[in-house]
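Remarks on the structure that follows.
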Amino acid sequence: TLKINNSNGVTLADSTTVNGALTLTSGNVTTVSFAMIIGSSGIVSHTNGHVVGNLRKEFASGMQSFTFDVGDATNYTPVAIASFNVTTPGNVTAKTTSTEHPNVGTSGINSAKSVNRFWTLTAGGGIAFTTYDATFSFVSTDVDSSATAANFVVRRFDGANWFATTSGTKTATSTQATGISSLSDFAIGEQIIDHYAVSAASSQTAGIAFLTTVTAQDILNETVTSDNNTVVTMSGSTGNVQFDSNSDGTFGDNTKTLTAGTFTISTKDNIAETINITATDGNSKTGTRTGVVINPGTATQLAFVQQPTDTVAGTVISPSVTVQLKDTQGNNVPTSGVSITMSLSSGTGILSGTTLKTTNASGLATFNDLSINLAGSKNLTASSDGLTSAVSNSFTISAGTATKVVFVQQPSDTTAGATISPAVTVQLQDVSGNNVSTAGVSVAMSLSSGTGVLSGTTPKATNASGL
């Protein structure tokens, strides 16, 4: 049994073991490089004063609890462990250091909103255990002025890496961690955002809204649940991604404020493509969901890809006319086996060739043998059951090479020796019967039936109209 009742305190000259009761009535026990050791059956009775330095407790097997009455030269900042399930006897040494942990920068704790103190619990004597709860107490002057104790978390440092703990009860001057499975350094403070986890399911359908989830995380990938103020701006990699932050159905508002460190936002892309979705805050903290596939929707319409081009009457239109299945947003729909019919919807003549084609695996139908017999301006229409038809651009069918001459003004009855009036006219035409406008072609007129002599000027040359 040892009682400390000295307002000036005492300093150990060697490690001291108490197997009965250590009564702290007045004054601190400064251990320097030694330790105040409490035996496995020993207790500490604290009224005033504490251990400055190393306080060691020997533990037998079993479920136990113990308060390490430690602090610095001025402040009492104990750590109380509970539900300590010891499986192999040994000891634990506790001490506290009244400065920010030197490695706090990699802990996920905001050093500007933290407790400027850390605690060290060290295993010894071969102790083994399952888990324990620990409550770390501090004084108000340890706490940064901008920090909120209700938002504190406890982080554990094993000398190389930081680990998150499960938060327990919090007060203005204490923070509890539960279910701890190791002894090491412990630091306390508010989390700081290191990055964002952005998630959205893939694939999605063009033009259909889907949800993107954004979660603020610290450097240990733990959600910063205390953040209800940070504004995050959303963006897409292609410029086609749209956001609706207030879920009013109007896309174009791409900023949203965190609630408990997270939010969901309605997202849409009208283009079939692969996109990345990025969240960024005012501190340039960011996160990206890569590779979200946007698929086209169901086919609703047809569209000409290769428009019909000007060509000669009776000649196959080249390049081949092609028609594509499209969704509501105008994306190509890769569906095979859809029947598409081509028809002449404007202009005269007969559309020849294979006018019923089916789409290939890309949703494209190719009409490779279309021709029209009569000259003039034309339009084609592509149609398919249940889909909106497509009308082509206007194109021109021109006459082919002259292959024949036809009478326009037939010869009329007249008196022998008198000039036939009105004047007889003939026209150059192609094989399809289209007038051929070629000047300078010599045309001879002869009497092919009946008797007599045909007088007058033969031959004659055609004018610019081929007449």
Side-chain angles (χ1 to χ4, degrees), residues 30-37 50-57 59 65-84 86 90-139 141-144 147 149 151-170 173-192 194 218-222:
T30 302
T31 67
V32 194
S33 60
F34 306 113
M36 175 62 75
I37 303 169
H50 52 269
V51 175
V52 180
N54 301 310
L55 176 57
R56 180 181 304 162
K57 178 69 170 78
F59 288 97
S65 61
F66 185 79
T67 298
F68 290 89
D69 293 295
V70 295
D72 57 34
T74 305
N75 299 305
Y76 174 56
T77 54
V79 53
I81 63 173
S83 301
F84 189 33
V86 179
N91 63 70
V92 176
T93 300
K95 67 177 182 178
T96 183
T97 305
S98 57
T99 61
E100 196 87 74
H101 194 284
N103 296 97
V104 71
T106 56
S107 69
I109 288 174
N110 186 345
S111 61
K113 296 183 177 182
S114 66
V115 175
N116 295 297
R117 175 181 300 279
F118 66 96
W119 294 258
T120 301
L121 299 178
T122 306
I127 193 169
F129 58 91
T130 54
T131 59
Y132 64 96
D133 301 337
T135 300
F136 301 90
S137 296
F138 43 86
V139 293
T141 53
D142 288 335
V143 181
D144 288 322
N151 296 335
F152 283 168
V153 296
V154 178
R155 290 292 157 84
R156 181 176 64 81
F157 184 67
D158 68 358
N161 299 297
W162 288 95
F163 300 90
T165 65
T166 302
S167 295
T169 303
K170 302 174 188 179
T173 55
S174 68
T175 301
Q176 184 188 46
T178 63
I180 308 169
S181 59
S182 181
L183 298 167
S184 50
D185 290 353
F186 295 88
I188 296 173
E190 292 190 46
Q191 293 169 274
I192 188 170
D194 177 74
D218 62 24
I219 200 170
L220 302 185
N221 297 322
E222 296 292 321

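The structure displayed is predicted, hence computed values, not measured ones.
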Can you measure from [atom1] ([X]) to [atom2] ([Y]) and round to the nearest 0.5 angstrom?
| X | Y | atom1 | atom2 | value |
| --- | --- | --- | --- | --- |
| Arg156 | Ser107 | CZ | OG | 13.0 Å |
| Ile180 | Leu121 | CD1 | CG | 8.0 Å |
| Asn151 | Glu190 | CG | CD | 4.5 Å |
| Thr97 | Asn116 | OG1 | CG | 12.5 Å |
| Phe157 | Ser182 | CZ | OG | 12.0 Å |
| Asp218 | Asp194 | CG | CG | 7.5 Å |

Could you tell me whether the side chain of [X] and the main chain of [Y] form a donor-acceptor pair under 3.5 Å?
| X | Y | result |
| --- | --- | --- |
| Asn75 | Thr77 | no |
| Asp158 | Asn161 | yes |
| Thr178 | Gly168 | no |

With sequence neighbours excluded, give me every salt bridge (Lys or Arg N to Asp or Glu O under 4.0 Å) pair touching residues 93-112.
none
Just grab all the salt bridge (Lys or Arg N to Asp or Glu O under 4.0 Å) pairs involving residues 108-127, residues at least two apart or on different chains.
Asp72-Arg117, Arg117-Asp142
Sorted by chain and residue number, the ring pair (Phe, Tyr, Trp, His ring centres under 6.0 Å) partners of Phe66 (sequence neighbours excluded) come out as Phe68
side-chain hydrogen bond (donor to acceptor under 3.5 Å, both in side chains) partners of residues 121-134, not counting sequence neighbours, each pair once
Asn85-Thr130
Side chains of [X] and [Y]: does their closest heavy-atom pair fall under 4.5 Å?
| X | Y | result |
| --- | --- | --- |
| Phe138 | Phe152 | yes |
| Lys57 | Ile81 | no |
| Ile127 | Val92 | yes |
| Phe118 | Pro102 | yes |
| Phe136 | Thr175 | no |

Non-neighbouring partners of Asn221 that pass side chain to side chain contact (heavy atoms under 4.5 Å, CB included), sequence neighbours left out:
His195, Gln217
List in chain and number order the residues that pass side-chain hydrogen bond (donor to acceptor under 3.5 Å, both in side chains) with Thr31, two or more places apart in sequence or in another chain; answer none if no residue qualifies.
none
Taking every non-hydrogen atom, the tightest pair across [X] and [Y]:
| X | Y | result |
| --- | --- | --- |
| Val154 | Ala177 | CB-CB, 3.9 Å |
| Ile219 | Gly108 | CG2-N, 3.4 Å |
| Glu222 | Gln191 | O-NE2, 3.6 Å |
| Ser174 | Thr135 | CB-CG2, 4.0 Å |
| Ser114 | Ala147 | N-CB, 4.0 Å |

On the 0 to 90° scale, with breaks at 30° and 60°, tag the Trp162-His101 ring pair as parallel, tilted or perpendicular.
perpendicular
